[in-house]
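To keep things clear, I will list the structure first and then write my remarks on it.
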Amino acid sequence: MTINVKANRLILLASLLLAAYLMLILGVTNLGQTRLEQSQHRELELKVGNYASTLEYFFYVTNEDMDTLVEDRVMHAFFANLASGMSMQYGLGSSILRLKNKLVATQKNKTINQKNIYDRFALVGLDGSIIADTYPKSKLLFNIARLKNNKSSDVIIRTVNRLGNNEVQLVKMVTQSGLPTAYLVAILNKDVIFEQLTAQESKDSQSRIELVSENGHSFVWDSLSGKNPTSEPNSNATINFSIPIKNTPFVLNNWFESVNGKSILTSSWFIISLSFLALPVMFGLFYIFIINNANIILRTKVTESKKQHAILSVKNHQLLDEIEKRKISEEKLSYQATHDALTGLPNRSYGNQQLESEIEKAGVNNSSLLVMFIDLDNFKQINDTLGHLAGDEVLKQSTSRLMDSVGSSELLSRLGGDEFLLIVPNLNNQVLAKDYATQVLALFNQPFNWNNQDFFVSISIGMSVYPQDGQNTEQLLANADMAMYSVKQDGRNAFSFYSSDMSSNVQRSLSLDGRLRYAIANNELEIYYQPILNLRTNEIIGAEALMRWNDKKFGMVPPDEFIPLSEKNGLIHQIGEFAIMTACQQAALWQAIAPIHMSINFSSVQFRFCDKLFTQVRYGLMKSGLPADRLDIEITESLLFNHNEEVISLLNKLQSMGVKLTIDDFGTGYSALSYLQKFPFDQLKIDRSFLKNIRKNKSDRELVNAVIAMAKALNLKVIAEGIENQWHVDYLNSIDCEYGQGFHYSKPVPAKEFERLLRDNANKAYREPLKLNIVE
């Protein structure tokens with residue numbers, strides 16, 4: 001009995017020891033699993049946070065790209081051209097092409113790991129129309145109605161469902177002068193987004209990652225769900241995180257297999273099974289093995305986490321370098337925004353700011369301020385003849401010359417094109433301003449050189465003075481510009497101060513513009529006719545049609561005032577059509593009296609639309625019934641200097657119809673023998689300026705003799721303008737000039753007066769010089 005008790009006690013003690021040992025084992029096992037789960041949870045939380053930060057930074061960078069594109073000068077230039085009324089034919093098409101090239105370049109250059117960040121860029125108008133698109137083959141899914149109530153200037157991130165697949169769009173409102181004008185839409189490359197969220201995943205990671213938006217789920221990674229990836233993972237067997245991505249409509253959902261779900265040895269069933277085991281040592285050893293194995297896995301993951309931290313550290317250093325480069329780029333862009341790229345001078349915007357600052361200083365100091373508006377003369381001819389590279393070199397050399405003369409207190413800027421602004425503060429008197437302008441003019445007395453070729457370029461200077469000529473930047477610049485154009489009209493290569501008379505001239509020009517439009521609409525223009533005679537027989541062989549305008553407000557407006565005005569405002573085409581129809585019909589009626597020619601002057605502006613001009617001439621001949629060989633078209637030398645192949649083709653077509661071609665005012669422009677050989681002319685007109693002093697000036701006589709001899713050699717007939725006395729007639733006859741016109745015979749007269757003159761001339765058997773008492 002004692003032995004049994006002792007045995008029982010031993011058994012009980014052994015059982016208790018065994019139970020205690022098992023309880024100890026169970027407690028240690030449970031504690032180990034809890035610590036393992038906590039470690040896994042912290043590791044996964046770090047990973048998910050890293051994914052969310054990566055995606056947040058990704059969208060931050062893309063938002064900056066959108067802001068940069070919207071503020072790009074190519075974008076602003078396009079909408080400025082569109083707002084100014086520019087058409088596709090004149091300039092807007094080129095702006096759209098540059099805009100599309102900018103979008104394409106951005107799409108190609110923005111990459112991550114050699115993959116394009118953007119699949120597509122599109123610029124959409126407020127009416128939903130596509131302005132520019134980098135991939136026009138596919139329809140853009142863009143509902144503009146949803147954005148009309150959104151006035152935010154921030155980038156909008158949204159998803160659009162395309163055939164069951166969500167695409168990520170960035171939308172940025174484009175404004176011009178503070179008003180919405182369009183939307184810039186970018187479609188992101190989803191593969192790049194997925195790569196940002198799966199950098200630490202593998203097939204064995206047993207994880208699932210979803211990017212959730214308002215339109216549903218976008219699967220990024222799934223190695224957890226097996227054959228049914230669309231089913232929801234079991235929440236009891238997984239660890240799940242849901243993190244909103246800041247400043248985006250996305251939520252990042254993550255599921256990871258928990259330690260309990262990975263194997264039976266780490267589940268709760270292991271503890272239950274362990275309690276039923278009778279071999280504590282074996283199970284204890286096995287438990288130690290499991291714990292050790294789990295520790296090895298954990299150490300491996302910790303090591304991998306350290307590697308990822310090292311990679312992130314490198315990326316952070318790269319990010320800091322990128323930020324430093326961005327700062328340098330921003331400083332460069334800031335300089336470019338305020339300075340001209342070609343000359344390095346302050347640009348128009350910065351120059352205006354400098355002028356505003358100097359005006360404020362002058363107001364405080366009660367001093368004067370000189371504003372000089374400098375423009376290069378005939379700069380367009382340099383670009384047209386020598387090329388734009390030569391024009392750029394002239395601008396650089398002009399800048400260098402001006403900078404050499406500018407003092408430390410003066411400010412020089414380039415307003416654009418060939419225009420410069422020079423600000424001279426603390427002006428003591430107007431005499432000093434004249435001396436300063438004279439010095440600036442003298443800077444251009446020396447020739448410019450391009451490709452070993454010397455040529456001269458003069459300047460025109462307009463000046464205004466603060467405060468008497470204006471109280472603000474706009475007034476001073478406008479008045480200096482007005483003074484500069486006054487110099488241009490008076491012959492260039494000089495300077496002029498602004499005066500109130502210039503404003504009156506501008507006001508008259510504006511009033512004449514409106515009155516001229518009214519006159520055309522109400523048929524108030526009239527054609528006068530000046531006879532052209534055979535100088536030997538005094539026979540009227542033709543008439544020159546000349547436009548006249550007797551306005552009710554301004555009276556008789558000279559042609560040399562309203563014709564240039566009509567060329568600037570585009571009314572010359574309507575005036576030209578009226579002249580062709582009226583002159584052709586009148587000439588057709590006069591053929592019954594005498595077979596005369598009708599000469600019509602054509603503006604070089606009309607030749608910008610050669611097809612339209614040819615149609616007007618052909619219609620005028622057909623409508624009036626005037627034979628084509630009775631029409632004479634007069635062309636000035638300025639057209640020939642700036643001609644193109646279309647002009648040559650038009651002149652050839654007119655001559656093939658039988659129309660006569662005359663070069664008008666020969667010798668006053670850029671006369672060249674090549675014009676007479678290249679163009680199909682029939683006649684040549686000697687300008688009246690050569691006959692004015694021909695009796696007293698031997699050089700004028702020699703020049704007229706040379707022109708007539710040259711015309712005869714080229715088989716051209718010659719008409720002399722400005723015949724005012726019999727001496728002119730006798731001299732021109734002596735040098736074999738066939739035809740002429742001038743006040744000696746008749747001033748330009750209305751149609752009725754010319755018809756009477758024509759009948760009198762036709763009825764005279766012996767024709768004498770016509771003497772009409774026409775009231776001037």
Side-chain angles (χ1 to χ4, degrees), residues 62 64-111 116-142 144 147 155 169-177 179-189 329 332-333 336-337 339-343 347-349 379-380 382-384 387-392 395 414-418 570 608-612 642 644-647:
T62 57
E64 281 200 340
D65 289 342
M66 294 290 285
D67 292 339
T68 301
L69 280 174
V70 168
E71 295 300 323
D72 193 83
R73 61 180 180 181
V74 175
M75 183 81 69
H76 282 292
F78 166 73
F79 285 106
N81 291 340
L82 182 63
S84 67
M86 186 175 292
S87 66
M88 289 295 294
Q89 185 178 5
Y90 295 100
L92 193 55
S94 177
S95 294
I96 292 178
L97 179 59
R98 288 196 297 271
L99 179 58
K100 184 173 181 181
N101 290 339
K102 181 66 178 180
L103 297 180
V104 171
T106 302
Q107 180 177 331
K108 289 183 178 179
N109 295 335
K110 297 294 181 178
T111 61
N116 291 333
I117 297 177
Y118 303 98
D119 281 342
R120 185 177 186 178
F121 278 102
L123 186 63
V124 183
L126 295 180
D127 59 352
S129 61
I130 302 298
I131 300 172
D133 194 349
T134 62
Y135 190 73
K137 297 179 181 180
S138 174
K139 180 180 179 182
L140 180 67
L141 299 179
F142 182 71
I144 199 169
L147 298 173
V155 176
Q169 292 185 356
L170 305 181
V171 182
K172 171 74 175 179
M173 180 186 295
V174 183
T175 61
Q176 187 75 10
S177 301
L179 298 177
T181 57
Y183 291 97
L184 178 63
V185 182
I187 299 177
L188 297 178
N189 184 353
S329 176
K332 183 178 180 181
L333 289 174
Q336 292 175 346
H339 288 75
D340 175 54
L342 179 65
T343 62
N347 58 18
R348 177 185 292 272
S349 176
F379 182 71
K380 183 178 183 300
I382 296 174
N383 283 332
D384 291 343
H388 288 278
L389 291 179
D392 291 345
L395 291 174
R414 183 187 177 195
L415 298 181
D418 58 342
R608 295 175 186 172
F609 303 94
C610 291
D611 291 339
K612 179 179 180 180
N642 297 305
N644 52 40
E645 293 301 323
E646 192 176 4
V647 172

Inset, instruction - Could you list the residues that satisfy salt bridge (Lys or Arg N to Asp or Glu O under 4.0 Å) with Asp119, not counting sequence neighbours? - result: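 Expected list: none.
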
Legend entry - Residues in salt bridge (Lys or Arg N to Asp or Glu O under 4.0 Å) contact with Lys110, at least two apart in sequence or another chain: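 Applying salt bridge (Lys or Arg N to Asp or Glu O under 4.0 Å) to Lys110 gives Asp65.
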
Heavy atoms only: give me the nearest [X]-[Y] pair and the separation to one decimal.
| X | Y | value |
| --- | --- | --- |
| Ala122 | Asp133 | CB-OD1, 3.9 Å |
| Ala182 | Gly125 | CB-CA, 4.2 Å |
| Asn383 | Gly391 | OD1-CA, 3.4 Å |

For [X], what residues pass the side-chain contact (heavy atoms from CB on, under 4.5 Å) criterion, not counting sequence neighbours?
| X | answer |
| --- | --- |
| Glu71 | His76 |
| Thr68 | none |
| Val70 | Lys172, Val174, Leu184 |
| Thr111 | Asn116 |

Inset, instruction - Output, in order, the C-alpha distance, side-chain angles, deciding distance and verdict of side chain to side chain contact (heavy atoms under 4.5 Å, CB included) for Val124 and Ile130. - result: CA-CA 5 Å; Val124 183; Ile130 302 298; 3.8 Å; yes

Legend entry - salt bridge (charged side-chain N to carboxylate O under 4.0 Å, His left out) contacts touching residues 72-85 (sequence neighbours left out):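 Sorted result for residues 72-85: Asp72-Lys102.
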
Of all residues at least two apart in sequence or in a different chain, which pass the side-chain hydrogen bond (donor to acceptor under 3.5 Å, both in side chains) check with [X]?
| X | value |
| --- | --- |
| Thr134 | Gln107 |
| Asp340 | Thr343, Arg414 |
| Asp127 | Ser129 |
| Gln169 | Arg158, Glu167 |

Inset, instruction - May I ask you to decide if Tyr135's main-chain N or O and Arg120's side chain share a donor-acceptor pair within less than 3.5 Å? - result: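 Present.
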
Report the distance from atom [atom1] of [X] to atom [atom2] of [Y], rounding to the nearest 0.5 Å.
| X | Y | atom1 | atom2 | result |
| --- | --- | --- | --- | --- |
| Asp67 | Thr62 | CG | OG1 | 9.5 Å |
| Thr181 | Ile131 | OG1 | CD1 | 7.5 Å |
| Leu82 | Ile96 | CG | CD1 | 8.0 Å |
| Ile117 | Asn109 | CD1 | CG | 10.5 Å |

Inset, instruction - Take Leu126 and Tyr183 through the test side chain to side chain contact (heavy atoms under 4.5 Å, CB included) and record every step on the way to the result. - result: CA-CA 7 Å; Leu126 295 180; Tyr183 291 97; 3.7 Å; yes

Inset, instruction - Go through the structure and list residues passing ring-ring contact (aromatic ring centres under 6.0 Å, His included) with Phe121, not counting sequence neighbours. - result: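 Once residues adjacent in sequence are excluded, the partners of Phe121 under the ring-ring contact (aromatic ring centres under 6.0 Å, His included) criterion are Tyr118.
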
